[in-house]
Amino acid sequence: MKKLLISLSLLTCFVAFAQKGPKYDSAKVKDIQEVVMTKKVFKKESDRFVYDVAASPVAKGNTAFGLLKETPLVSSTDDRTLRIAGKSNAVIYINGRVTQMDADGLVEFLKNMPAENIQKIEVITMPGSEFNVESTDGIINIVLKKKATDGLNGNLRLTNEQNYYNATGAGVSLNYRRDKLGVSANVNTSENIDEKYFILTNGNQNASNRSEGNMTDPNKNLGGYLNIDYQLNDKSSLALTYNSRANKSNNSTINFFNTTKNNLTNEVQYSWTRSKEDARSYNNSVNLNYELKTDTLGSKLNLNVAGLLYKRFQTSNNSTFIADRNQNQLNQTLLIEQNQPQIINNFSATADYIKKFKNEFTVALGGNFNRTNTDNDTQYNAFDFRTQLSEANPNHFLYEENILGTYVTVEKVFSPKFSGKIGTRFEYTQSEGNSDYAQDERLRNIKRNYNKLLPFLSANYAINDNNNISYAFSSRMKRPSFWELNPVKTLLTEFNYTQNNPFVKASSIYSHELTYMYKSSYFLILNHSFIKDAITEVPLQGVIDGKNQLRYIRTNFGNNQEMSAMIGMQKSFFKGYLTSNFNIGMQRNVNNASLNEDPITGDIFPVYENKKSSNSLLIQTNNNIRLDKNKTWFLGVNYFYVDKQQIELGQLNQLMSLDLNIKKVWNQWTFSLDLDDVLNTQQIIVNDIQDNGNFNTIDQNRYIRGVKLTMVYNFGNQKVKKVRDIDSADKDIKNRTR
């Protein structure tokens with residue numbers, strides 16, 4: 001139930017290149033020589049943009065998530081997912097390693113990480129072969145500060161936010177260093193109630209359904225991390241990272257009033273769908289890293305082993321009641337009870353070696369191994385009060401996946417002006433899914449083995465001190481999330497549900513990007529991506545067994561193209577009193593797909609087509625204004641606009657938001673007041689009308705508009721330096737548990 005509505009929300013957030021970007025392999029995060037120009041530096045390196053925020057007033061009292069939303073090329077339309085220009089998703093790295101958390105846990109982690117701890121943010125729009133990211137993913141690498149002297153420092157953070165309901169949060173972060181030992185830790189907790197209001201309509205000229213109501217989802221979170229870094233000698237170091245998060249969401253409810261019309265007989269039926277869900281999840285992960293410097297040129301060996309244990313327990317019941325036109329609830333007609341636990345275990349290991357030569361020639365090679373096991377023991381029981389018949393449909397789905405990857409990249413600086421990089425990845429995937437209770441023989445054992453060679457090429461040319469141009473080509477795969485492969489359906493109403501699909505195969509993505517930058521302040525980015533066998537949810541609609549049904553089927557759905565052109569700026573004005581970043585551009589989406597068969601049941605529906613294209617205007621600007629000479633008062637004005645565009649479910653209406661922030665710095669205290677979605681314009685509306693007359697509309701109010709008060713207290717020794725970069729073993733598991 002809830003997952004369907006959340007997935008609809010996520011789908012409608014895949015908007016625009018300014019937003020592109022709420023599923024693990026090695027990354028080489030290089031030391032970057034910083035050029036101090038202003039308090040905030042934004043510049044282009046050979047394979048990334050670097051945003052230096054160490055001394056930025058934007059960071060004071062902020063969180064990592066809040067700071068990322070104000071980073072050039074990065075944005076968020078739903079305050080939960082981050083997008084990079086031209087990318088479908090932003091994979092978050094911390095000091096060169098991916099945080100091994102589920103999507104919700106990562107959001108809580110970033111919203112509790114103090115921005116004052118961040119040295120710089122690196123935005124990698126076209127990751128090289130050494131990165132095992134999927135799809136059109138980009139990478140955001142957050143490089144943290146580190147204490148330069150022995151001692152302890154940290155901060156305390158308290159928040160209170162009022163949207164539809166009130167939300168609270170608190171967190172404590174500590175950093176300790178003594179000689180060769182460095183320790184950082186965080187503990188955070190939050191409590192909120194997520195409220196959404198939906199109007200869902202579908203049908204054709206003969207019949208139609210309308211469901212209207214709210215989803216209320218209370219959440220309690222407890223999480224934290226522990227990082228231990230020990231320098232064994234001048235050449236080698238050990239690091240241990242542990243992340244943990246627990247979430248509890250009890251009494252999450254959905255209440256929809258349904259109106260069903262038969263235009264042929266003028267018959268109208270009314271009903272209530274009332275759902276209740278209790279869920280709790282636990283994510284615990286650990287990564288052990290060993291780094292050995294093999295020479296004075298910067299060559300090094302990196303070894304990692306990691307383990308991940310993710311558990312989610314979910315029980316729900318879905319009840320249907322007859323009602324009258326005045327919404328009075330009458331007799332119950334149907335009760336469906338589901339128990340949907342999910343357990344994911346992952347073991348990962350990586351080995352990476354970077355060899356640097358004196359003539360500025362670098363060779364990097366390495367490999368990774370991932371073994372993942374998932375256990376989904378779904379119990380399904382339905383009782384029809386009209387016929388007094390019951391139905392049990394259990395589904396115990398076991399899935400095992402092994403991924404072996406190797407890569408090699410060669411990088412050469414030919415001159416102070418020109419450098420190039422070429423590489424390739426080879427990935428072999430072996431998977432097997434088993435479902436003991438499946439009535440369909442095809443679902444009982446599903447084996448799939450496939451391999452892929454993924455080349456990469458980039459070149460960077462510094463025309464002169466003020467002009468820089470670069471080009472990159474990348475090929476990637478996108479594997480389905482683990483929950484997408486579990487062949488279980490989740491009901492929204494009696495004849496409206498989502499259906500997962502174990503037959504979904506990995507899609508392939510090929511991307512080109514051309515970037516021009518002027519004076520480290522102005523940039524132009526041209527991007528083209530071709531997605532083969534795109535993975536999405538397809539709304540199949542039609543009359544099956546005499547009932548008009550709407551099924552959101554998770555499947556491969558044709559080929560898509562995405563093209564974008566964006567110009568942007570990041571610059572300070574009026575002697576630093578105004579700091580602004582501004583992006584404006586166009587995106588073209590070209591869709592070419594059709595489906596008429598439910599891949600699970602074989603039922604035939606009227607053809608659902610998406611062979612439409614759209615051109616969209618995108619605007620994003622973030623502005624920080626210093627209000628006094630002593631740098632204690634600041635005003636933030638942020639705005640984004642996304643024009644109408646064609647997505648998988650239909651045409652998404654325009655979105656925009658104006659956010660304001662006032663900040664006061666007083667000694668070691670920072671007080672911040674945020675006003676979000678001041679104009680109350682972040683309402684999602686998706687319309688789809690097929691040539692055969694079928695229509696489907698999603699209207700969702702997420703109640704984004706609100707006010708948030710934050711208080712932050714910094715204590716201890718504030719002297720810091722940059723930490724060493726650490727590569728992680730797990731890179732591809734986080735996004736696939738969402």
Do you know which two heavy atoms are closest between [X] and [Y], and how far apart they sit?
X    : Y    : value
N449 : Q430 : OD1-CG, 3.0 Å
R588 : N615 : NH1-OD1, 3.1 Å
D533 : K505 : OD2-CE, 3.5 Å
F605 : Q549 : CE2-O, 4.3 Å
N368 : R425 : OD1-NH2, 2.8 Å
F256 : N214 : CE2-N, 3.9 Å

Side-chain donor-acceptor pair under 3.5 Å between [X] and [Y], yes or no?
X    : Y    : value
Q587 : N527 : no
N501 : R554 : no
Q340 : Q314 : yes
N262 : N206 : no
Q690 : D688 : yes
D377 : Q379 : yes
N339 : T315 : no
S249 : E277 : no
E432 : N445 : yes
R280 : Y282 : yes
D375 : H396 : yes
E562 : S529 : no
N589 : Q645 : yes
Y399 : E401 : yes

Would you indicate whether the side-chain heavy atoms of [Y] and [X] approach each other to under 4.5 Å?
X    : Y    : answer
L308 : N345 : no
N696 : Y552 : yes
F456 : Y407 : no
E513 : T125 : yes
Q561 : I531 : no
T374 : N376 : yes
R274 : N317 : no
L453 : T424 : yes

For side chain to side chain donor-acceptor pair (under 3.5 Å), just list the numbers for N247 and N219, CA-CA rounded to whole Å, side-chain angles, deciding distance to a tenth of an Å, and then say yes or no. CA-CA 7 Å; N247 168 266; N219 287 274; 3.2 Å; yes
Evaluate T697 against V686 for side-chain contact (heavy atoms from CB on, under 4.5 Å), listing each step before the verdict. CA-CA 6 Å; T697 300; V686 181; over 6 Å; no
To the closest 0.5 Å, what do you measure between [atom1] ([X]) and [atom2] ([Y])?
X    : Y    : atom1 : atom2 : answer
N204 : F695 : CG    : CZ    : 7.0 Å
S435 : L398 : OG    : CG    : 8.5 Å
S319 : L334 : OG    : CG    : 8.0 Å
S474 : R476 : OG    : CZ    : 4.0 Å
N255 : Y197 : CG    : OH    : 10.5 Å
I553 : T601 : CD1   : OG1   : 7.0 Å

Take S348 and N346 through the side chain to side chain donor-acceptor pair (under 3.5 Å) test and state the conclusion after the steps. CA-CA 7 Å; S348 305; N346 170 264; 2.6 Å; yes
Kindly indicate, with the supporting measurements, whether the criterion side-chain contact (heavy atoms from CB on, under 4.5 Å) is fulfilled by F426 and L454. CA-CA 6 Å; F426 175 79; L454 306 169; over 6 Å; no
Let me see the working for V590 and N560 under side-chain contact (heavy atoms from CB on, under 4.5 Å), right down to the final yes or no. CA-CA 6 Å; V590 180; N560 298 333; over 6 Å; no
Parallel, tilted or perpendicular: ring planes of Y510 versus F473, cut at 30 and 60 degrees: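 The arrangement is parallel - the two ring planes meet at less than 30°.
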Evaluate the side chain to side chain donor-acceptor pair (under 3.5 Å) criterion for residues S252 and D278: first the C-alpha distance (whole Å), next the side-chain angles of each, then the deciding distance (0.1 Å), finally the verdict. CA-CA 6 Å; S252 176; D278 292 332; over 6 Å; no
Kindly indicate, with the supporting measurements, whether the criterion side-chain contact (heavy atoms from CB on, under 4.5 Å) is fulfilled by N402 and F369. CA-CA 7 Å; N402 297 308; F369 174 75; 4.0 Å; yes
Do K452 and E427 sit within salt-bridge range, that is, some charged N less than 4.0 Å from a carboxylate O?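 No, no charged N to carboxylate O under 4.0 Å.
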Inspect the contact between R551 and D603 and indicate whether a charged nitrogen and a carboxylate oxygen are less than 4.0 angstrom apart.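 Yes.
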Okay, side chain of [X], backbone of [Y]: is any donor-acceptor separation there less than 3.5 Å?
X    : Y    : result
N692 : V607 : yes
S316 : K276 : no
S507 : I535 : no

Residue from I343, I344, N283 passing side-chain contact (heavy atoms from CB on, under 4.5 Å) with K311: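 So the option named by the test is I343.
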For L540, run the side-chain contact (heavy atoms from CB on, under 4.5 Å) check against N694, N596, L595 and tell me which one passes.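 The side-chain contact (heavy atoms from CB on, under 4.5 Å) with L540 is passed solely by L595 among N694, N596, L595.
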Chi angles and distances behind the side chain to side chain donor-acceptor pair (under 3.5 Å) call for E195, T216: CA-CA 5 Å; E195 183 78 9; T216 305; 2.6 Å; yes
Any chance CG of D691 has more than 12 other-residue heavy atoms, nucleotides or ligands included, within less than 6.0 Å?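 Incorrect, the count does not exceed 12.
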Flag yes if more than 12 heavy atoms outside L309 fall under 6.0 Å of its CG atom; otherwise flag no.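 Result for CG/L309: enclosed.
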